[in-house]
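Side-chain atoms are counted along with the backbone in the values below, which use heavy atoms only and exclude waters and symmetry mates. Predicted, not measured: the structure shown is a model, and the values here were computed from it.
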Amino acid sequence: MTSSAMPGRLRRYPRRRRVVGDLRYWRDVDLPGLDRRSDLYVWLPPDYDRQDTRYPVVYLHDGANLFDHKVAFAGVTWSADRALTALHEQGLDVIAVGIPCSPDRRIEEYSPYRQEGVGGGDADHYVAFLADHLKPWVDESLRTRPEREHTLVAGSSMGGVVSMHAWVARPEVFGGVGAFSTAFWVPGEPHLRDIETALATRHTSARFYLDVGGREEPDHPRLQEEYVGGTERVVAALRASGTPVRYVYDSAAYHFESAWAERLPSALAWLLSGYAVTRPDDQAAAERGLGPAVRRAVQRLGRRIARGQTPR
């Protein structure tokens with residue numbers, strides 16, 4: 001499928017909203033295949049206009065909840081602008097694209113299967129919009145790294161569902177997935193089987209971050225078990241297939257934007273750096289490169305920590 005016409009000028013987001021960094025947006029865009037219009041948000045790395053670097057891209061669902069508390073659900077955001085700025089300071093840069101959810105058909109757009117009494121079933125249309133329209137717009141307008149290994153998709157709850165489905169449906173487009181507090185129970189068993197089948201039969205490289213909280217539904221024990229059980233079932237399939245995965249269980253976390261804001265920085269750092277782990281031989285080589293005085297100081301500090309002495 002070819003991309004639709006470009007959505008017009010990428011505007012600067014109003015500075016009075018006090019979003020950190022360079023946030024821009026396409027205003028009131030027709031979303032092909034979804035029968036609705038929406039603003040689309042694009043956060044650019046701080047050095048974007050001063051360099052000719054190309055950047056990976058992360059596509060984030062529920063985009064109205066990412067940056068600006070005035071348009072976010074319950075007035076709370078993921079603080080994605082601060083997380084992305086902190087990653088920049090660590091040397092990890094990414095373009096972040098936020099797609100607001102449908103105001104009245106969120107479950108329909110985000111779930112690949114319809115469940116009686118819950119809804120769903122139109123996720124293929126949403127994924128087609130991401131892959132066949134939005135991504136070409138972003139790649140044409142901005143200096144991206146368009147390859148699948150540099151294209152991530154992430155979201156929470158139903159956004160986690162559609163992130164996993166995006167990889168299942170279009171693995172040639174998306175090479176990394178972040179699934180926060182995923183509501184696997186909504187599409188149910190067919191969706192879980194799709195993921196397990198894809199992991200058992202595919203050999204394309206990909207990487208996944210999944211998490212879940214211990215208080216997703218504290219007043220509904222069965223649903224709480226569904227959140228944890230569904231997530232850990234997918235994690236088990238990822239492990240069995242040898243697919244790179246980071247899994248976080250936060251026993252105190254609720255099903256809310258503030259919880260996802262807390263976990264977002266480390267999740268993106270891991271997804272963007274591949275594994276976020278330094279090989280032992282690389283670490284040893286780095287330490288050998290230290291001057292003798294610095295190396296001795298590091299060794300002394302290590303001995304003090306091992307003895308339980310907190311350095312001042």
Side-chain angles (χ1 to χ4, degrees), residues 58-66 73 77-78 80 83 96-102 106-113 115 118-124 126-127 130 151-171 174-196 198-199 206-217 223-238 243-250 253-268 270-271:
V58 56
Y59 293 89
L60 296 162
H61 316 298
D62 293 310
N65 296 342
L66 300 174
F73 173 76
T77 75
W78 285 48
V97 179
I99 310 98
C101 67
S102 168
R106 180 172 180 266
I107 289 180
E108 280 69 23
E109 284 188 0
Y110 284 1
S111 177
Y113 291 99
Q115 185 178 144
V118 180
D122 291 339
D124 282 335
Y126 180 78
V127 171
L130 293 180
T151 304
L152 311 175
V153 60
S156 65
S157 193
M158 290 304 301
V161 168
V162 80
S163 295
M164 295 298 300
H165 183 65
W167 175 77
V168 168
R170 300 297 295 270
F174 302 103
V177 176
F180 299 73
S181 300
T182 304
F184 288 112
W185 58 272
V186 173
E189 185 67 20
H191 178 49
L192 290 167
R193 285 200 303 266
D194 285 348
I195 296 168
E196 290 169 337
L199 288 168
R207 56 196 182 276
F208 293 78
Y209 167 91
L210 287 89
D211 68 29
V212 70
R215 299 178 182 176
E216 302 286 351
E217 291 285 350
L223 272 186
Q224 176 63 40
E225 290 177 5
E226 293 275 7
Y227 274 105
V228 177
T231 298
E232 295 192 341
R233 177 171 164 180
V234 172
V235 170
L238 286 161
T243 303
V245 57
R246 171 169 284 184
Y247 169 51
V248 173
Y249 173 75
D250 186 338
Y254 291 89
H255 198 80
F256 196 58
E257 274 69 20
S258 55
W260 304 321
E262 182 176 327
R263 303 197 293 263
L264 180 64
S266 60
L268 286 181
W270 191 83
L271 287 168

> Measure the spacing between OG of S157 and CZ of F184 and express it to the nearest 0.5 Å.
10.5 Å
> Would you say V228 and Y249 make side-chain contact, with heavy atoms under 4.5 Å?
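Yes, side chains in contact.
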> What class does the angle between the rings of W260 and W78 fall in, given that below 30° is parallel, 30 to 60° is tilted and above 60° is perpendicular?
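Geometry flag for W78 against W260: tilted rings.
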> If I compare all heavy atoms of E109 with all of Y126, which pair ends up nearest, and what's the gap?
O-CB, 3.4 Å
> Between D122 and Y110, is any side-chain donor less than 3.5 angstrom from a side-chain acceptor?
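Per modelled atom types, D122 and Y110 side chains form no pair under 3.5 Å.
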> Is any side-chain heavy atom of P112 closer than 4.5 Å to one of V161?
yes
> Quick one: OG on S163 to NE2 on H61, what's the gap to the nearest 0.5 Å?
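NE2 of H61 is found 3.0 Å from OG of S163.
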> Working to the nearest 0.5 angstrom, can you tell me the gap between L199 CG and L238 CG?
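With rounding to 0.5 Å, CG (L199) is 5.0 Å from CG (L238).
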> Do S156 and R263 have side-chain N/O donor and acceptor atoms under 3.5 Å apart?
no
> For H165, check ring-ring contact (aromatic ring centres under 6.0 Å, His included) against everything at least two apart and list the hits.
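Applying ring-ring contact (aromatic ring centres under 6.0 Å, His included) to H165 gives none.
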> Partners of W167 by ring-ring contact (aromatic ring centres under 6.0 Å, His included), sequence neighbours excluded?
F208
> Considering residues at least two apart in sequence or located in another chain, which fulfil the side-chain hydrogen bond (donor to acceptor under 3.5 Å, both in side chains) criterion with T243?
S241
> Any Lys/Arg nitrogen of R233 or E189 sitting under 4.0 Å from an Asp/Glu carboxylate oxygen of the other?
yes
> Taking only residues two or more places apart in sequence, or in another chain, which ones meet E216 in a salt bridge (charged side-chain N to carboxylate O under 4.0 Å, His left out)?
none
> How long is the straight-line distance from CD of E226 back to CD of E217, given to the nearest 0.5 Å?
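One finds 11.0 Å between CD of E217 and CD of E226.
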> Do the side chains of I107 and V118 get nearer than 4.5 Å, heavy atoms only?
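V118 reaches I107 side chain to side chain.
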> May I ask you to decide whether R246 forms a salt bridge with D211, counting only side-chain N to carboxylate O separations under 4.0 Å?
no
> To the nearest 0.5 Å, how far apart are CD1 in I99 and CG in L66?
8.5 Å
> Can you find a pair of side-chain heavy atoms, one from P187 and one from Q115, that are under 4.5 Å apart?
no
> Below 4.5 Å, heavy atoms only, C-beta onward: do L152 and F174 meet side chain to side chain?
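Counting from C-beta outward, L152 and F174 never come under 4.5 Å.
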> E262: which residues meet the side-chain contact (heavy atoms from CB on, under 4.5 Å) condition with it, sequence neighbours left out?
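Partners of E262 by the side-chain contact (heavy atoms from CB on, under 4.5 Å) criterion, ordered by chain and then number, come out as D250.
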> Rounded to the nearest 0.5 Å, how far apart are CH2 of W185 and CG of L192?
13.0 Å
> Assign the ring pair H255 / Y227 to parallel, tilted or perpendicular, where the plane angle (0 to 90°) is split at 30° and 60°.
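If you compare the ring of H255 with that of Y227, the planes turn out tilted.
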> Does Y209 have its ring centroid less than 6.0 Å away from the ring centroid of Y247?
no
> Tell me every residue that passes side-chain contact (heavy atoms from CB on, under 4.5 Å) with F73, counting only those two or more places apart in sequence or in another chain.
N65, F256, E257
